[in-house]
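The next block holds one structure in the form of structure tokens; read it before the comments.
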Amino acid sequence: MGWEWTVSGLGLGIGLLVGLTGMGAGSVLTPLLILALGVDPLVAVGSSLAHAALMKAVGTWRHAQLGTVDWDKVRWLAMGSLPGVLAAGIFLGFVQQDSLTKANVLVGRVLGAAMVLVALLLLWRVLGRRPATQAGARWLEGPWGPSLLALAGTWVGTLVGLTSVGSGSFLIPILALGTGLPARRLVGTDIAHALLLMAAGALVHGSLGNVSWPLVAGLLLGSVPGIWLGSLASV
């Protein structure tokens with residue numbers, strides 16, 4: 001590949017962004033792989049998931065050391081998100097068997113819709129009158145909180161399995177508006193959950209042949225130091 005350094009530089013920027021905010025591993029990286037580097041949508045999703053799993057292992061370890069992970073919320077989110085991402089991967093496998101072109105078109109369209117949702121959600125947060133961590137009624141802290149977390153995890157897991165987008169872009173606002181977690185614990189909790197979610201998605205897509213390991217290696221060269229620095233800065 002003639003763009004190794006471009007890929008590593010992209011990984012560095014993604015790592016910093018994820019370490020600071022918990023967002024960007026899918027919502028920024030996957031579209032850039034498709035639009036800037038010309039990677040097929042299926043390979044972009046699978047490679048993004050594999051890269052995110054390995055990168056967030058570093059971030060999870062660092063945030064666990066810093067005590068910024070709410071493991072109870074991670075567990076309840078994973079109870080919904082892991083079945084969701086596996087179901088999405090199995091569905092894509094059936095579509096791929098029928099037609100690889102059809103599968104790439106499907107992923108591209110769902111990814112586009114997800115990016116529109118992410119943009120609207122971020123715009124709504126920016127235009128809100130109160131900071132996200134102070135808004136809301138902490139509805140995820142009540143007796144129905146665990147079930148609602150699992151439900152949110154199912155929706156996000158399915159979306160991540162199809163597009164790699166949603167782990168941080170949707171869960172961070174959900175946690176911010178529904179819990180009393182401070183910003184640094186929001187990021188740590190999201191990254192720890194994303195490790196489980198992305199790893200499951202990467203396994204499914206890897207079994208379908210949708211992961212480019214040279215691409216993943218190039219991204220990791222920049223993103224591992226990036227997420228380490230971003231995690232420190234977030235605290």
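Computed over heavy atoms, backbone and side chain alike; hydrogens, waters and symmetry mates excluded.
- You'll find the side chain of Leu149 reaches within 4.5 Å of the side chain of Leu175, heavy atoms only.
- Asp40 contributes no side-chain N or O that, together with a main-chain N or O of Val43, makes up a donor-acceptor pair within less than 3.5 Å.
- There is a path of hydrophobic side-chain contacts, each under 4.5 Å, that joins Phe170 to Val107.
- For the pair Lys73 and Trp76, the minimum side-chain heavy-atom distance is 4.5 Å or more.
- Side-chain atoms of Thr30 do not come within 3.5 Å of backbone N or O of Val45 as any donor-acceptor pair.
- Once rounded to the nearest 0.5 Å, the distance linking CD1 of Ile172 with CG of Asp190 reads 4.0 Å.
- Contact detail for Ser81 and His193: the closest heavy-atom pair is OG-NE2, 2.8 Å.
- Using a distance-only test at 3.5 Å, with no hydrogens or angles considered, no donor-acceptor pair links the side chain of Ser99 to the main chain of Val95.
- With sequence neighbours excluded, no residue forms a side-chain contact (heavy atoms from CB on, under 4.5 Å) with Leu151.
- A side chain to side chain contact (heavy atoms under 4.5 Å, CB included) with Pro41 is found for one member of Asn104, Val105, Leu33 and no other, namely Asn104.
- Counting heavy atoms from C-beta on, the side chains of Leu32 and Leu37 never come closer than 4.5 Å.
- The structure places CG of Leu219 at 11.0 Å from CG of Leu12, a figure rounded to the nearest 0.5 Å.
- A side chain to side chain contact (heavy atoms under 4.5 Å, CB included) with Leu42 holds for exactly one of Leu208, Leu106, Leu100; it is Leu100.
- Side chain of Thr189 to backbone of Asp70: a donor-acceptor contact under 3.5 angstrom is found.
- Cluster annotation: Ile14 is not connected to Leu221 through the hydrophobic network of ILVMFWY side chains, with a link wherever side-chain heavy atoms come within less than 4.5 Å.
- Val58 and Val69 are not part of a single hydrophobic cluster, where members link through side-chain heavy atoms under 4.5 Å apart.
- Summarising the geometry of Asp98 relative to Lys102, their closest heavy-atom pair is OD2-NZ, 2.7 Å, with the distance given to 0.1 Å.
- Transitive grouping of hydrophobic side chains (ILVMFWY, heavy atoms separated by less than 4.5 Å) brings Val39 and Val216 into a common cluster.
- Taking the side chain as every heavy atom from C-beta outward, Val116 and Leu120 approach each other to under 4.5 Å.
- At a threshold of 4.5 Å between side-chain heavy atoms, the hydrophobic network of Ile, Leu, Val, Met, Phe, Trp and Tyr places Leu215 and Val28 in one connected group.
- Residues satisfying the side-chain contact (heavy atoms from CB on, under 4.5 Å) criterion with Gln65, sequence neighbours excluded, are Trp61, Arg62.
- Of all heavy-atom pairs between Ala44 and Ile34, the closest is CB-CG1, 3.6 Å.
- Within the 3.5 Å criterion, the main-chain N or O of His63 finds a donor-acceptor partner in the side chain of Thr68.
- The closest side-chain donor-acceptor pair between Ser47 and Ser212, if any, does not fall under 3.5 angstrom.
- Annotation: side chain of Val165 is not in contact with side chain of Val110 (no heavy-atom distance under 4.5 Å).
- By the 4.5 Å heavy-atom criterion applied to side chains, Val160 and Val156 are counted as neighbours.
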Distance-only donor-acceptor hits, side chain of residues 196-206, under 3.5 Å, sequence neighbours excluded:
{"residue": "His205", "atom": "ND1", "partner": "Asn210", "partner atom": "ND2", "Å": "3.3"}
{"residue": "His205", "atom": "NE2", "partner": "Gly161", "partner atom": "O", "Å": "2.9"}

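- Between the OG atom of Ser223 and the CG atom of Leu54 there is a distance of 8.5 Å, given to the nearest 0.5 Å.
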Q: Mind running side chain to side chain contact (heavy atoms under 4.5 Å, CB included) on Thr158 and Phe91 for me, showing each step along the way?
A: CA-CA 10 Å; Thr158 303; Phe91 168 72; over 6 Å; no
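- Atom CG of residue Leu186 and atom OG1 of residue Thr179 lie 5.0 Å apart, to the nearest 0.5 angstrom.
- Taking every heavy atom of both residues into account, Ser48 and Leu29 meet most closely at OG-CD2, 3.8 Å.
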Q: Walk me through it: do Val224 and Met55 pass the test side chain to side chain contact (heavy atoms under 4.5 Å, CB included)?
A: CA-CA 6 Å; Val224 168; Met55 177 182 62; 5.6 Å; no
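- Between Pro146 and Pro143 the shortest heavy-atom distance is CD-O, 3.8 Å.
- Applying the 6.0 Å contact sphere to CE of Met79 captures no more than 12 heavy atoms from other residues, nucleotides or ligands.
- The shortest side-chain heavy-atom distance between Leu159 and Val85 does not fall under the 4.5 Å cut-off.
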